[in-house]
Structures are given as structure tokens and as C-alpha cells.
Amino acid sequence: MPALTTHRRRLVLAVCSAAIAMIGIDVTALNVALPAMEHELAASVSGMQWAVASYSLAMATLMLYAGSTGDRIGRRKVLLAGIAVFTAASVLCALAPSLPVLIGFRILQGIGAAGLGPVSMAIVANAFPAERERVRAMGLWLAAYGLGLAVGPVVGGILVDAVSWRAVFWLNIPFGIVSSLIALRSVPESRAERPRRPDPVAQLLVVALLGPLAYGVIEAPRAGWTAPVVVACFAVAAASCAALLGYERRRTEPLIELGFFRDPRFGGAIAAATAVFGTFGGFFFLTAIYLQKPLRMSAAEAGLWMLLPAGALAVSSVYAGRLAQRYGRRPLLVGAGIALAASGALVALFTGDSSRVLIAVEYVLFGLGVGLSTPLFISAGVSGLPPDRAGLASGMITTFGRSAFAMGVAVLGAVLNAGLHGAPLTDAAAFASAVRPAWWILAAGGVATALLGLVITKRKAAVPDGAPDGAPDGTANGAPESAR
């Protein structure tokens, strides 16, 4: 990439930040619209799960492939294609006449989002070659994601109350149009010097693994765990997993680098990503329903309450690196896990208590747990690997995390659906009883995160605690593999 003027680099950062902010907004904004969608589209709990999980699943399954495609054919091309698909899918989602059609368009939206995160991160890393400027730019890029997470519920809630749930999707249109126009004029083309070869077989096997697995988990409470379609889904997922492992072992440049798992810090980071993002997805899904159904809040009120965990997450993720410099990764990761566990335990023990103070404490603890742990376990997970593999490794960690987000919605939503026994979501007593096991699962995820924090910081890291932290879509140590 040729040297850019300061003005043009700022425009590049603005475009890429807007792209990642759109992803953050869609992660949280739709949750506050779920009750309105349930009413208009006659959606069941499993239907609402699919509306949320389908987007994250599509994004997770294609994220690594989109990043490597950008390295080969040009990151600017993939960025523009991702923005175009995401924006067009948002229009289609807003016009969807039924829930099945909406879910299909959400999958298309996730496909577009898959091309935004890793590619925009690589473009920013290349636009700011100086280490100090790159770290600062990456911090602003990450802050844009956190800002999207934080404002999503608030803006989404206001739009749902003032217009309808469809307005949540119209919100993406100006972002997409303005970002495309600026990108066409200001973002230069770039490619990796030695791009990885395509691995379409592995990509298809990943889809065949995650899709049936999610379908089986979401539909099992309604159809029954021994229903033929559910058993078949689990069988297909298991066979796809076995085939994927066998195939990737024989590849010279696999989509999923299995050799990374020989480092316990990397394996621990993968497990931590699964625990943290799994609880993250389930928490936001259940919280949006809890605030608007049993507690009978409006969408705007629910959005303001969901600003507490989202805001705490956004702020703590930005300051996680500075705190790690002062106190070290280990105490912060353990503390983050304890915060997650305490949040889940408090909600489980006092689900029937609608005290606003208690809810605020629970939500802030949860946001702090996710925000502190995410950049630190990514950074710690890649610290024992060669620097030129850090981008691929952090991309794998966040891809597992994205998959876990969708599965968290599937699993915790299935727990709620199974426990309701046909009772309406507005029945506060029935909801409290049905959702309690889900909150204990969330608490267990926090305990697992604390223990994994001990594992991945056990040995001395190859990079200091003060090294630039990771980001939600594949950053680690300041730049992706292809940007080094």
C-alpha cells in the first residue's frame, strides 16, 4: 500500500470504523426489537433465537475465509462487497413479510458482515505503518465496535417505540451508503504478499458443522431431543466435525491451523472465547426478553437498561491493555471471570426480584467481565506463537467466539423454551423458574473463564503484558498476519 496523507488515512480509519460499528450495532440492537417482532410475526422463542443466531452463525462461519479472500483478491474489493451485501440485506430484512424470510435475509446480512471485520482491520493496519500510530488507530477502530455495542440497544429501543422493529434495519442504510462512497474515493487497494491458498472444502465443512448443530439445539425443546430431525442434525454435525479435523490435518495451508492447539495458551484462549462469547450471546437474548416481558418495559426503557452492560463492556475493553500493563493479565482475567460468575449467580438467585439496583449491579458486572477478558485472552492466546502467525491465530480465536455467541443464543434460549412448558413470556413466575438454569450456566461460564485465565497466563508470555491487545474481529499485537 502506498504512503497516504494524514487526511486520507483518517478517512480510511473512519470508513473501517463505521463498518465495524455497524456490526456492533446489529449485535445488540435487534435484541430489544425481539418482543415487537414476536407480536407482529407471531414468532416463537425458537423463532426469535433464529432471528439473532442466524446472523452470528453466518458471520462466524465465513469470517476467516473472507479475510483470506481479501488477502488474495484485494481487501478494498472485499470491503466494498461486504458493505454492499450488508446494506442490501438490511433493506430486505426491513421489508421481510414473515419470520422465515427474515431469517433468510439475516443470513445474507451475516455474510456481508463477515467481509467487514477482518478486512477492515487489515486495511487500518496497512494504512498506519508506524507502530505507535497503528496501535492508536486500532484502539479507535476497536472503540467504534464498542460504541456500536453500547448505542445499539438505546437507538434500537427508541426506533422500535417510535416507528417499528423494522426501523432497526433501516438504521444501517445511511451507514452503508456513506461508507461506500468514502471507501470508493479514499481506501486504496492492498493485498498480502503471500496470501494463503483457498480452502473451500473446509469452509463447506464448517457450515455443515455449525448449521445443523444450531438447528438441533434450537428446535430440540419443541420437537424433542430424540426426534428424527434433531438426531439427524447432531449426526451431520458430528460427521462434519470428524471430516473437518481429518481434512485439515492433511492441508499445507488449512483454513483452521490445528497445530496452534499444541500451545496450551492458544487452546485456553479458544476455550475462554467459547465461554465468554457463549454467555454474551445468551445474556443479551434473555435480558431483552426479561426486561420487556416479565418486567413490561418499553423497548426504549429496555434499551437504556441494556446500555449498562454494553457500555461497561465498551469502556473496559478499551482500558484493558492499560490495566494489564499495571496489574498483569492473570489477575485481570481471573477478576473478569469472577465478575461474570457473580453476575450469573446474582441473576439466578434473585431472578424473581425486580429491584432496579440489583439489576444494575448484575448488568455492570457482566459488561466488565466480557470487556476486560476479551482483548486479554486474545493477546495471551497468541503470545506463544510466531509473530507472523498472530493474525491467523487471533482470527481463529474470534471466529470460535462468534460461533459461540450464536450457540449461546441457541443453548440458553433452548433452556428457557424447555422450562416454560407453554407458559407465556409475560408470566413472571414461570419465566423466573424457566430461566434460572440458564443463569447458572452463565455463572459456570464465568468460573471457567477465571480458571482458563490461570491456564493461559501460566507460562511467561513471549510478548509483554503491555503489548497491543486484540479486538473482536481478529487483531492481535497490533496487526494481522497479512499486514506484517
Side-chain angles (χ1 to χ4, degrees), residues 17-41 43 48-59 83 86-87 89-96 99 102-103 105-110 112-113 116-117 143-176 179 277 280-292 297-314 363 367 370 402 405-406 408-409 413 472-473:
S17 297
I20 199 69
M22 285 196 299
I23 296 177
I25 288 172
D26 262 57
V27 167
T28 54
L30 185 66
N31 285 278
V32 296
L34 290 175
M37 289 169 51
E38 177 206 17
H39 176 73
E40 181 175 332
L41 301 179
M48 290 187 287
Q49 287 173 268
W50 276 117
V52 175
S54 57
Y55 169 78
S56 295
L57 273 176
M59 179 167 50
I83 293 173
F86 185 90
T87 305
S90 297
V91 174
L92 295 173
C93 287
L95 300 174
L99 184 64
L102 173 64
I103 292 170
F105 291 148
R106 284 284 285 171
I107 293 173
L108 184 62
Q109 196 181 31
L116 299 181
Y145 178 78
L147 181 63
L149 289 176
V151 304
V154 179
V155 176
I158 294 172
L159 289 174
V160 170
D161 282 348
V163 187
S164 78
W165 62 268
R166 299 177 186 274
V168 172
F169 295 107
W170 291 118
L171 180 65
N172 296 322
I173 312 307
F175 273 94
S179 297
F277 279 90
F280 182 19
F283 175 87
F284 268 83
F285 178 78
L286 296 177
T287 296
I289 297 175
Y290 172 64
L291 294 174
Q292 295 181 72
M297 292 185 185
S298 67
E301 288 179 296
L304 287 172
W305 276 98
M306 292 176 70
L307 179 62
L308 288 174
L313 187 160
Y363 289 4
V370 176
R402 292 288 188 188
F405 182 97
V409 175
D473 291 275

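Index from 1, following the sequence.
- By the 4.5 Å heavy-atom criterion applied to side chains, Asn31 and Phe285 are counted as neighbours.
- Minimum heavy-atom separation, Ala299 to Val32: CB-O, 4.0 Å.
- Checked against side chain to side chain donor-acceptor pair (under 3.5 Å), Gln292 has no partners two or more places apart in sequence or in another chain.
- In this structure, Gln109 and Asp26 approach most closely via the heavy-atom pair NE2-OD2, 2.9 Å.
- Considering only heavy atoms from C-beta on, Met306 comes within 4.5 Å of Thr287 through its side chain.
- The line from CE of Met48 to CG of Leu99 is 9.5 Å long, rounded to the nearest 0.5 Å.
- Scanning both residues, Ala302 and Leu291, for their nearest heavy atoms gives O-CD1, 3.8 Å.
- Listed by chain and number, the residues in a side chain to side chain contact (heavy atoms under 4.5 Å, CB included) with Leu307 are Ala150, Val154 (sequence neighbours excluded).
- Annotation: the span from Phe86 atom CZ to Met22 atom CE amounts to 5.0 Å, rounded to 0.5 Å.
- The distance from the CG atom of Leu102 to the CG atom of Leu30 is 7.5 Å, given to the nearest 0.5 Å.
- Listed here is the closest heavy atom pair of Ala33 and Trp165: CB-CB, 3.7 Å.
- Annotation: the span from Asn172 atom CG to Ile23 atom CD1 amounts to 10.5 Å, rounded to 0.5 Å.
- Scored by the side chain to side chain donor-acceptor pair (under 3.5 Å) test, Ser179 finds no partners at all (sequence neighbours excluded).
- Put simply, the side chain of Ser90 does not reach to within 4.5 Å of the side chain of Trp170, judged on heavy atoms.
- In this structure a side-chain-to-backbone donor-acceptor pair under 3.5 Å is missing from Ser164 to Val160.
- Each of Phe277, Tyr55, Phe280 was compared with Phe405 under the ring pair (Phe, Tyr, Trp, His ring centres under 6.0 Å) criterion, and only Phe280 meets it.
- The nearest pair of heavy atoms linking Ala406 to Leu57 is CB-CG, 3.5 Å.
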Could you walk me through whether Ile20 and Leu116 pass the side-chain contact (heavy atoms from CB on, under 4.5 Å) test, one step at a time?
CA-CA 7 Å; Ile20 199 69; Leu116 299 181; over 6 Å; no
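- Nearest heavy atom pair, residue Val168 against residue Ala29, reads CG1-CB, 3.9 Å.
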Test side-chain contact (heavy atoms from CB on, under 4.5 Å) on Val370 and Phe283; report intermediate values, then the result.
CA-CA 11 Å; Val370 176; Phe283 175 87; over 6 Å; no
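- Under the rule for a salt bridge (Lys or Arg N to Asp or Glu O under 4.0 Å), the partners of Glu40 that lie at least two apart in sequence or sit in another chain are Arg166.
- Legend: residues meeting side chain to side chain contact (heavy atoms under 4.5 Å, CB included) with Leu286, ordered by chain and number and at least two apart, are Leu412, Leu416, Val435, Ala438, Trp439.
- Annotation: side chain of Val155 is not in contact with side chain of Ile25 (no heavy-atom distance under 4.5 Å).
- Once rounded to the nearest 0.5 Å, the distance linking SG of Cys93 with CZ of Arg106 reads 6.0 Å.
- A distance of 12.5 Å separates CG in Leu308 from CG in Leu313, rounded to the nearest 0.5 Å.
- Sorted by first and then second residue, the side-chain hydrogen bond (donor to acceptor under 3.5 Å, both in side chains) pairs with a member in residues 149-161 read Asp161-Ser298; sequence neighbours excluded.
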